[in-house]
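Remarks on the structure that follows.
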There are 2 protein chains.
Amino acid sequence: MNIDILYTHICSYVQISRDEFEFFFNLFKPVYLKKGEFHYVAGKVPKYWSFTLKGCLREYWIDTEGDEKIFQFYEENAWVGQIQSMVTQKPTDMNLQALEDCELLCITGDDMCNAVKTPWIQNFTMHKSFSDNASIMENSNRIKSASPEELYLEILKERPSLLLRVPQHYIANFLGIRKETLSRVRRRVAHL
Amino acid sequence: MNIDILYTHICSYVQISRDEFEFFFNLFKPVYLKKGEFHYVAGKVPKYWSFTLKGCLREYWIDTEGDEKIFQFYEENAWVGQIQSMVTQKPTDMNLQALEDCELLCITGDDMCNAVKTPWIQNFTMHKSFSDNASIMENSNRIKSASPEELYLEILKERPSLLLRVPQHYIANFLGIRKETLSRVRRRVAHL
DNA sequence: GAATGTCGTTGACTTGGATCAACAAATCAT
DNA sequence: ATGATTTGTTGATCCAAGTCAACGACATTC
């Protein structure tokens with residue numbers, strides 16, 4: 001059941017009883033997205049902070065040349081949302097699009113702001129935010145220093161499932177390289 | 001006075017009275033660093049979370065080839081520290097070095113963990129963490145897409161003071177380009 | 001099932017930034 | 001002051017990845 005999945009996930013951050021959790025869970029409502037649909041778009045304040053139950057999404061922004069730049073992919077059991085944008089009510093510059101039919105659990109910004117008054121939820125939010133911070137930093141560092149080949153090997157090792165469900169040109173875009181380059185890297189790597 | 005500087009800074013995140021603040025302030029102790037000294041080093045858990053009163057520091061890690069990669073510069077009124085590392089007690093992989101004689105206000109991990117039980121401090125920490133998150137993301141995005149010239153113009157616009165106090169080869173390193181390239185970019189830009 | 005679009009591969013060519021090397025200028029140490 | 005180290009500039013060369021273009025394999029749709 002959905003409630004079990006989310007409960008298990010949250011328990012990896014904080015220790016809470018099932019009862020305490022239930023109140024939080026009831027603030028979420030399911031949202032279904034068809035392949036290609038958007039959950040939020042640049043220029044607006046996203047309505048929800050969401051947990052991915054099923055499916056795969058890409059989050060991207062449009063750079064000054066008008067090109068799409070993929071910032072992140074989200075698969076099952078990932079949190080996705082622009083918290084900063086929701087808290088400050090400033091529009092985000094990210095777009096979130098379903099790459100497959102998706103099932104999300106969503107909580108509104110208002111509900112989340114209230115929920116955060118509960119100590120364990122605030123605790124969870126803080127810890128999650130710290131760990132997000134660390135992982136974004138690590139990611140940003142990697143991209144700054146690695147070659148296309150290293151980037152590909154990294155993603156192959158860390159997120160093999162992505163390569164099976166996401167079109168290659170999106171992967172290339174995410175890594176900041178051309179699809180042709182990724183194709184050549186893959187051939188080279190396969191021939192070793 | 002130092003207490004005013006920090007109070008003003010904190011008020012930009014949360015509304016609190018001077019009295020409430022004083023308890024928090026008393027948890028901090030001043031630390032002085034000479035140019036070249038380290039505040040924390042890779043492989044250990046940093047002792048403090050710190051606020052920069054005076055001076056300029058660089059935070060860098062060593063990549064797989066053994067090269068230094070500068071992650072961030074910190075000037076006056078900046079927070080610096082590896083919260084995630086302090087919370088989890090896992091060693092950081094960052095080094096923080098003073099580029100000038102520095103004066104910091106420091107709070108230990110334990111004191112901070114306790115302080116966070118105070119609602120307004122937790123509130124402050126969370127908001128700060130959200131906004132850090134957003135700015136690291138933005139930074140990471142920029143580096144992913146911009147040319148050396150764009151990167152230089154960006155930093156010239158956003159952090160002009162850095163260019164006056166930090167050696168150019170550090171700036172180049174931070175931008176992920178060679179010092180020779182930065183030198184040429186500067187010449188080109190100056191001749192426009 | 002023909003037509004259209006998406007996706008990945010390959011080849012030829014170009015280019016921006018890295019690399020290597022030498023040197024000038026500024027700063028530091030004693 | 002003077003020698004040593006750090007810092008910044010410039011030139012010559014090289015190469016990895018971008019660009020452009022063509023094509024084949026699938027999927028999708030009408």
Side-chain angles (χ1 to χ4, degrees), chain A residues 34-37 56-58 60 63-70 73 97-101 142-156 160 162-192, chain B residues 34-37 55-58 60 63-70 73 97-101 142-156 160-192:
Chain A
K34 286 271 169 216
K35 178 176 177 176
E37 282 182 348
C56 180
L57 307 102
R58 69 176 183 130
Y60 68 92
D63 75 5
T64 45
E65 266 94 57
D67 297 326
E68 290 180 359
K69 301 279 174 175
I70 296 176
F73 296 107
Q97 185 184 31
L99 296 177
E100 308 167 356
D101 294 355
R142 191 178 310 139
I143 282 179
K144 213 160 150 182
S145 66
S147 68
E149 183 160 327
E150 289 169 319
L151 291 172
Y152 174 68
L153 289 174
E154 181 80 24
I155 205 174
L156 183 64
L162 267 191
L163 301 179
L164 298 175
R165 69 204 301 195
V166 173
Q168 262 185 54
H169 65 281
Y170 281 156
I171 301 280
N173 184 311
F174 173 62
L175 298 178
I177 63 180
R178 295 279 133 187
K179 65 189 202 303
E180 294 93 334
T181 301
L182 178 57
S183 175
R184 285 184 249 263
V185 165
R186 281 170 51 95
R187 182 155 56 113
R188 221 181 318 140
V189 167
H191 282 57
L192 294 181
Chain B
K34 286 274 167 213
K35 177 176 177 176
E37 283 183 346
C56 180
L57 307 103
R58 69 175 183 130
Y60 68 92
D63 74 6
T64 44
E65 266 94 57
D67 297 326
E68 290 180 0
K69 301 279 174 177
I70 296 176
F73 296 107
Q97 185 184 33
L99 296 177
E100 307 168 357
D101 294 354
R142 192 178 308 137
I143 283 179
K144 212 159 152 182
S145 66
S147 69
E149 182 160 327
E150 289 169 319
L151 290 172
Y152 174 68
L153 290 174
E154 181 79 23
I155 205 174
L156 182 65
S161 56
L162 268 191
L163 301 179
L164 298 174
R165 69 205 299 195
V166 173
Q168 263 185 54
H169 65 280
Y170 282 155
I171 302 279
N173 183 309
F174 174 62
L175 297 179
I177 62 180
R178 293 279 132 184
K179 65 189 202 302
E180 294 94 332
T181 302
L182 178 57
S183 175
R184 284 184 249 264
V185 165
R186 282 171 52 98
R187 184 155 56 112
R188 221 182 316 142
V189 167
H191 282 57
L192 294 180

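Naming convention: chains lettered A, B, ... in sequence-line order (proteins, then strands); numbering from 1 in each chain.
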Query raised in the report: Does the side chain of B:L163 reach to within under 4.5 Å of the side chain of B:Y152, using non-hydrogen atoms?
Result: yes
Requested in this report: May I ask you to evaluate whether B:Q168 reaches the phosphate of D:dT9, defined as a side-chain N or O under 4.0 Å from OP1 or OP2?
Outcome: yes
Query raised in the report: Base, sugar-phosphate alone, or nothing: which one does B:I177 contact when heavy atoms must sit under 4.0 Å apart?
Result: sugar-phosphate
Query raised in the report: Is there side-chain contact between B:F73 and B:R58, with heavy atoms separated by less than 4.5 Å?
Result: yes
Query raised in the report: Given D:dT9, is OP1 or OP2 found less than 4.0 Å from the side-chain N or O atoms of B:R187?
Result: no
Query raised in the report: Hey, are the side chains of A:F174 and A:V166 touching, using non-hydrogen atoms and a 4.5 Å cut-off?
Result: no
Report task. Grab the CG-C1' distance between A:L151 and D:dA17 for me, whole Å please. Result -> 13 Å
Report summary line: A:R188 CZ to C:dG8 C1', in whole Å, measures 17 Å
Report task. Please report, rounded to the nearest Å, how far the C1' atom of D:dT7 is from the CG atom of B:L182. Result -> 12 Å
Report summary line: Separation between CD (A:E68) and OH (A:Y170), nearest 0.5 Å, reads 6.0 Å
Query raised in the report: Can you check whether B:K144 reaches A:K69 side chain to side chain, under 4.5 Å on heavy atoms?
Result: no
**Report entry** Test item: A:E149 and A:L153 side chains (from C-beta on) under 4.5 Å apart, heavy atoms
**Finding:** yes
Query - Euclidean distance, atom CG of residue B:L99 to atom C1' of C:dT27 [Å, nearest integer] - result: 16 Å
Requested in this report: Report the distance from atom NZ of A:K34 to atom C1' of D:dT28, rounded to the nearest whole Å.
Outcome: 16 Å
Report summary line: Its contact letters, B for base, S for sugar-phosphate only and - for none at protein heavy atoms under 4.0 Å, make nucleotides 19-27 of chain D read BBB------
Query raised in the report: Starting at CD1 of B:I171 and ending at P of D:dT6, how long is that distance when rounded to a whole Å?
Result: 19 Å
Query raised in the report: Salt bridge between B:K34 and B:D101, side-chain N to carboxylate O under 4.0 Å?
Result: yes
Query raised in the report: According to a strict under-4.0 Å criterion, is B:H169 in side-chain N/O contact with OP1 or OP2 of D:dG8?
Result: yes
Query raised in the report: In whole angstroms, how far is the P atom of C:dT27 from the CD atom of B:E100?
Result: 14 Å
**Report entry** B:R186 CZ - D:dT9 C1' separation (whole Å)
**Finding:** 11 Å
